[in-house]
Amino acid sequence: MPNPVENREAVSILPGMTRTPIREVLQSDAPEPEILIEGWVRTKRDSKAFSFIEVNDGSCLTNLQIVADATLEGYHDSVIPLTTGASVSVRGKVVESQGKGQKWEMQAITVTMLGSAEGDFPLQKKGHSMEFLRSIAHLRPRSNLFGAVFRVRSRMAYAIHQFFQDRGFVYVHTPVITASDCEGAGEMFRVVTMDGEEIRLGDEEFFGKPSYLTVSGQLEGETFACALSNIYTFGPTFRAENSHTSRHASEFWMIEPEIAFCDLMADMDLAEAMIKHLVTDALESCREDLGFFDQFVDKGLISRLESVRDRAFERVSYTEAVRILEESGAKFEFPVEYGHNLQSEHERYLTETHFKCPTTVYNYPKEIKPFYMRINDDEKTVAAMDLLVPGIGEIVGGSQREERLEILRANMKAHDLDEADYSWYVDLRRYGSVPHAGFGLGFERLLMFITGVANIRDVIPFPRTPGSAEF
RNA sequence: UCCUCUGUAGCUCAGCGGUAGAGCGGGUGGCUGUUAACCACUAGGUCGUUGGUUCGAACCCAACCGGAGGAGCCA
């Protein structure tokens with residue numbers, strides 16, 4: 001158990017900083033004579049002789065209860081005006097609590113109000129809708145739910161780097177601005193410069209040709225995999241799709257590993273190992289926050305995550321999946337038909353009803369997949385895979401890439417693509433081509449899966465969706 | 001882009017053709033250690049916007065704006 005005083009020393013690497021994070025105060029194993037905590041008031045309860053002030057500094061979910069005697073110097077100036085949302089600096093002793101509900105509390109020696117909160121401070125102790133909290137995206141991280149979500153988001157970003165770095169993957173920063181109008185991954189945002197109110201186009205174009213915000217770093221990632229063997233990207237991605245659902249955002253983060261000397265089976269192995277690693281890490285590192293989600297957001301979350309951690313994932317070919325759906329006897333709004341994409345309801349049936357666990361579907365008909373996916377020996381299907389999880393649907397999409405020059409050229413032609421636009425991509429097949437594979441993981445969808453939060457807008461700090469780019 | 005639902009106090013909501021309400025939050029006072037504390041008093045509203053129907057509209061109708069859910073597409 002960390003000792004708060006020792007941890008205070010550790011934090012003091014920053015000049016003049018002597019604040020102890022509340023997370024460490026609450027982990028104390030003995031009373032402490034005097035430390036400093038700082039944070040924001042969540043609620044205050046007054047009685048005649050003293051006040052209870054609940055303070056949160058974002059270091060953990062739980063508040064620290066401060067007991068402030070009415071005899072404290074400056075009580076009327078510093079404690080009485082504290083309302084929910086005000087910021088405080090408190091020096092005091094960490095003592096065992098006389099009340100129920102917490103082991104430790106702080107007996108205040110001095111309380112300083114740093115900033116008051118006006119009476120219309122919108123965050124209260126209860127009863128907010130998610131829609132309202134979205135409208136105050138600048139204040140919602142001060143709520144229990146969003147504090148927890150963004151601590152988990154940070155930890156999962158770390159765990160992703162850890163997973164790949166531990167396996168010798170090289171982190172590649174693929175460009176955000178791209179001039180290749182590629183692969184039909186979705187509608188793109190155009191990047192332009194302005195001359196006053198005039199948009200510069202044609203010969204005036206900044207890059208000499210049309211440019212866009214990236215929809216995927218995959219093609220650039222392949223070039224680096226064909227040099228450094230195992231690489232991954234992790235960065236923002238943009239889609240100008242006019243889609244109004246709880247699972248789509250215009251700006252989101254994507255993780256895209258690309259592995260040389262790799263086939264589809266190993267690609268699926270990697271995707272499943274990554275999901276297991278992230279779930280395992282969340283269960284170990286974010287236990288308190290997950291407990292909050294399990295209680296208030298998605299009952300049964302933790303046991304579901306534990307089963308994802310402990311059970312093998314299912315794996316079926318597209319052909320088998322279609323047969324399972326046809327033989328299920330379940331009623332679907334859209335009929336199951338070989339050669340068509342699986343509908344959301346079909347994916348949900350497979351992962352939630354039939355297998356009841358994460359399920360990877362592979363070898364899709366070539367007609368419904370993009371040009372770069374490797375044609376299988378049956379010449380009907382491509383080496384593609386989608387990892388489906390209960391509650392979310394597709395969380396990972398990947399494939400083995402077509403490494404054979406002539407077949408890639410034929411695929412491009414079949415997809416009405418001009419080879420001249422992809423000369424650098426084709427070059428990878430002309431000079432030392434190797435089998436390689438990769439996948440894309442939507443970071444926000446992963447976070448929805450791990451936190452149980454139902455709307456993508458609530459796992460990204462400042463969501464961008466059609467018609468909405470506030471803050 | 002299509003379909004459905006929705007907009008009343010700082011927040012959560014009730015009111016559904018006849019004087020705008022409650023709880024929480026704010027303020028004031030009280031209270032023997034509270035835990036979404038409790039008790040009393042109090043301030044707080046262009047009922048999303050515009051137009052229409054009506055003696056009279058928060059309520060009925062239309063358009064527009066905002067929000068949500070689903071579909072398609074995807075991550």
Side-chain angles (χ1 to χ4, degrees), chain A residues 42-54 62-63 65-70 80-81 83-86 95-102 105 107 116-136 139 143-144 183-187 215-218 236-256 271 296 333-334 340-345 347-348 368-370 386-389 392-398 439-449 454-460 465-468 470:
Chain A
R42 283 295 177 79
T43 178
K44 186 181 63 153
R45 297 177 288 273
D46 294 321
S47 68
K48 193 176 189 177
F50 38 75
S51 295
F52 296 102
I53 312 162
E54 299 259 349
T62 307
N63 304 324
Q65 174 164 283
I66 311 291
V67 184
D69 279 335
I80 293 295
T83 57
T84 302
V95 298
E96 283 196 58
S97 179
Q98 296 171 37
K100 290 174 185 170
Q102 60 279 316
E105 66 187 15
Q107 186 70 46
S116 63
E118 294 179 20
D120 60 355
F121 181 67
L123 275 172
Q124 293 167 25
K125 287 174 289 185
K126 63 171 185 176
H128 294 297
S129 64
M130 298 297 267
E131 292 84 349
F132 170 69
L133 290 166
R134 268 169 226 151
S135 75
I136 52 164
L139 297 172
S143 66
N144 285 336
E183 52 167 318
E187 294 292 316
V215 294
S216 165
Q218 180 199 314
T237 307
F238 306 87
R239 302 277 168 92
E241 296 283 355
N242 188 22
S243 47
H244 296 254
T245 83
S246 53
R247 300 179 308 285
H248 292 84
S250 309
E251 177 181 326
F252 61 100
W253 282 56
M254 193 150 64
I255 298 102
E256 295 179 288
F296 294 107
E333 188 183 344
F334 294 92
H340 287 68
N341 260 316
L342 297 179
Q343 304 286 328
S344 298
E345 56 177 342
E347 295 182 346
R348 278 199 303 272
I368 57 175
K369 290 294 182 182
D386 285 348
L387 173 49
L388 314 176
V389 296
I392 312 288
E394 183 183 340
I395 196 168
V396 165
F439 61 82
L441 167 77
F443 187 44
E444 283 75 18
R445 290 198 181 164
L446 171 85
L447 292 171
M448 292 166 72
F449 179 61
N455 196 308
I456 197 168
R457 297 172 182 88
D458 301 323
V459 296
I460 190 164
T465 52
S468 177
E470 300 304 311

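Reminder, nothing fancy here: chain letters follow the sequence lines and each chain counts from 1.
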J.: Which nucleotide, if any, forms a Watson-Crick or G-U wobble pair with B:G56, using both distances under 3.5 Å?
T.: none
J.: Count the heavy atoms belonging to other residues, nucleotides or ligands that lie under 6.0 Å from NE2 of A:His340, then report whether that count exceeds 12.
T.: no
J.: Start at the 5' end of RNA chain B and walk down; is the nucleotide closest to A:Lys100 or to A:Leu441 reached first?
T.: A:Lys100
J.: In whole Å, what is the span from the CD1 atom of A:Ile66 to the C1' atom of B:U34?
T.: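 These atoms are roughly 14 Å apart.
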J.: Could you give the distance separating B:U49 and B:U34 at their P atoms, to the nearest angstrom?
T.: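 So the two P atoms sit 46 Å from each other.
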J.: For A:Glu105, which contact category applies under a 4.0 Å heavy-atom criterion: base, sugar-phosphate, or nothing?
T.: base
J.: Can A:Phe50 be classed as stacking with the base of B:G33, given a centroid separation cut-off of 5.5 Å and a plane angle cut-off of 30°?
T.: no
J.: Under 4.0 Å between any heavy atoms, over every strand shown, what does A:Phe52 touch: base, sugar-phosphate, or nothing? Just pick one.
T.: base
J.: Distance check: side-chain N/O of A:Thr84 vs OP1/OP2 of B:G25, anything under 4.0 Å?
T.: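 For A:Thr84, the contact criterion (side-chain N or O under 4.0 Å from OP1 or OP2 of B:G25) is not met.
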J.: Once you round it to whole Å, what is the distance between P of B:C73 and NE2 of A:His340?
T.: 10 Å
J.: Taking all non-hydrogen atoms of both residues into account, name the closest pair between A:Met254 and A:Ser216 and its distance.
T.: CE-CA, 4.0 Å
J.: What does B:A68 pair with, Watson-Crick or G-U, if both distances are under 3.5 Å?
T.: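 Pair assignment: B:A68 / B:U4.
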J.: Roughly how many Å is it from CD1 in A:Ile136 to C1' in B:G25, rounded to a whole number?
T.: 13 Å
J.: So, does the side chain of A:Arg445 form a donor-acceptor pair with the base of B:C74 at under 3.5 Å?
T.: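 Pair found.
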J.: Partners of A:Arg134 by salt bridge (Lys or Arg N to Asp or Glu O under 4.0 Å), sequence neighbours excluded?
T.: A:Asp458
J.: Starting at atom CD1 of A:Ile368, determine the distance to atom P of B:C73, rounded to an integer number of angstrom.
T.: 10 Å
J.: With a 3.5 angstrom cut-off on both distances, give the Watson-Crick or G-U wobble partner of B:A43, or none if there isn't one.
T.: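 Checking every strand shown, B:A43 finds no partner, since no pair has both distances under 3.5 Å.
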J.: Does A:Glu256 use its side chain to pair, donor to acceptor, with the backbone of A:Gly217 at less than 3.5 Å?
T.: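 Yes, A:Glu256 side chain to A:Gly217 backbone: donor-acceptor pair under 3.5 Å.
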J.: Please work out if A:Asn341 contacts a base, only the sugar-phosphate, or nothing of the nucleic acid, heavy-atom cut-off 4.0 Å.
T.: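 The residue A:Asn341 makes sugar-phosphate contact but no base contact.
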J.: In this structure, how many angstroms lie between the C1' atom of B:G30 and the CZ atom of A:Arg45, rounded?
T.: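 Interatomic distance, CZ of A:Arg45 to C1' of B:G30: 18 Å.
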J.: How far, in whole Å, is B:G15 from B:C59 if one measures between their P atoms?
T.: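 Each nucleotide's P atom is 15 Å from the other's.
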J.: Across all strands shown, which nucleotide pairs with B:C73 by Watson-Crick or G-U wobble geometry, both distances under 3.5 Å?
T.: none
J.: Nearest-Å distance, CG (A:Asp120) to P (B:C24)?
T.: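 Atom CG in A:Asp120 sits about 19 Å away from atom P in B:C24.
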J.: Start at the 5' end of RNA chain B and walk down; is the nucleotide closest to A:Glu118 or to A:Gln98 reached first?
T.: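 Comparing both residues, the 5'-ward one is A:Glu118.
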J.: Would you indicate what A:Gln65 reaches in the nucleic acid, counting non-hydrogen atoms under 4.0 angstrom: base, sugar-phosphate, or nothing?
T.: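 Base contact - A:Gln65 has a heavy atom under 4.0 Å of at least one base atom.
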J.: Looking at A:Lys44 and A:Ile80, would you say the former's side chain and the latter's main chain have a donor-acceptor pair under 3.5 Å?
T.: yes
J.: Among B:C74, B:U34, B:C31, which nucleotide has an atom closest to any side-chain atom of A:Ser97?
T.: B:U34
J.: Parallel, tilted or perpendicular for A:Phe50 and A:Phe52, by the 30°/60° rule?
T.: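 Correct class here is perpendicular.
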J.: Closest heavy-atom contact between A:Phe252 and A:Glu444?
T.: CB-OE1, 3.3 Å
J.: Could you work out the separation of B:A58 and B:C16 based on their P atoms and round it to a whole Å?
T.: 14 Å
J.: Taking B:A20 as the reference, what is the distance to B:U46 when you measure between their P atoms (whole Å, please)?
T.: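 My reading of the P atoms in B:U46 and B:A20 gives 14 Å.
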J.: Could you check if a side-chain atom of A:Asn144 sits within less than 4.5 angstrom of a side-chain atom of A:Arg42, using non-hydrogen atoms only?
T.: yes
J.: Within the 4.0 Å limit for protein heavy atoms, which parts of nucleotides 65-72 of chain B are touched? Write it as a string from 5' to 3', B for base, S for sugar-phosphate only, - for none.
T.: --SSSBBB
J.: Any donor and acceptor pair, going by atom type alone, linking the side chain of A:Glu251 with main-chain N or O of A:Phe238 inside 3.5 Å?
T.: no
J.: Under 4.0 Å, heavy atoms only, any strand: does A:Gln102 hit a base, just the sugar-phosphate, or nothing?
T.: base
J.: Can you name the salt bridge (Lys or Arg N to Asp or Glu O under 4.0 Å) partners of A:Glu105, sequence neighbours left out?
T.: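 For A:Glu105, no residue satisfies salt bridge (Lys or Arg N to Asp or Glu O under 4.0 Å) once neighbours in sequence are set aside.
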J.: Taking the P atom of each, how far is B:A40 from B:G45, in whole Å?
T.: 24 Å
J.: With a 3.5 Å limit on both atom pairs, tell me what B:A63 is paired to, counting Watson-Crick and G-U wobble, or say none.
T.: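 Pairing partner, where one exists within any strand: B:U49.
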J.: Whole angstrom is fine here: how far is it from CZ in A:Phe238 over to P in B:A75?
T.: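 Answer to the nearest Å: 16 Å.
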J.: For the P atoms, the ones on B:C64 and on B:U42, what distance do you get once it is rounded to whole angstrom?
T.: 46 Å
J.: Separation of A:Asp69 atom CG from B:U34 atom C1', in whole Å?
T.: 13 Å
J.: The side chain of A:Phe132 lies closest to which of these nucleotides: B:A75, B:U32, B:U12?
T.: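 Nearest to the side chain of A:Phe132 among the choices is B:U12.
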J.: On a whole-Å scale, what distance lies between the C1' atoms belonging to B:U53 and B:U19?
T.: 23 Å
J.: Using atom C1' in both nucleotides, what's the gap between B:C11 and B:G25 to the nearest angstrom?
T.: 7 Å
J.: Need one value for A:Ala249: base, sugar-phosphate or nothing, where a base atom within 4.0 Å counts as base even if backbone is also close, heavy atoms only.
T.: base
J.: Please work out if A:Thr237 contacts a base, only the sugar-phosphate, or nothing of the nucleic acid, heavy-atom cut-off 4.0 Å.
T.: nothing
J.: Which part of the nucleic acid does A:Ile456 contact within heavy-atom distance under 4.0 Å: base, sugar-phosphate only, or nothing?
T.: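 Base, at least one base heavy atom under 4.0 Å.
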J.: Would you indicate which nucleotide in B:C31, B:G26, B:A75 comes nearest to any side-chain atom of A:Arg239?
T.: B:A75
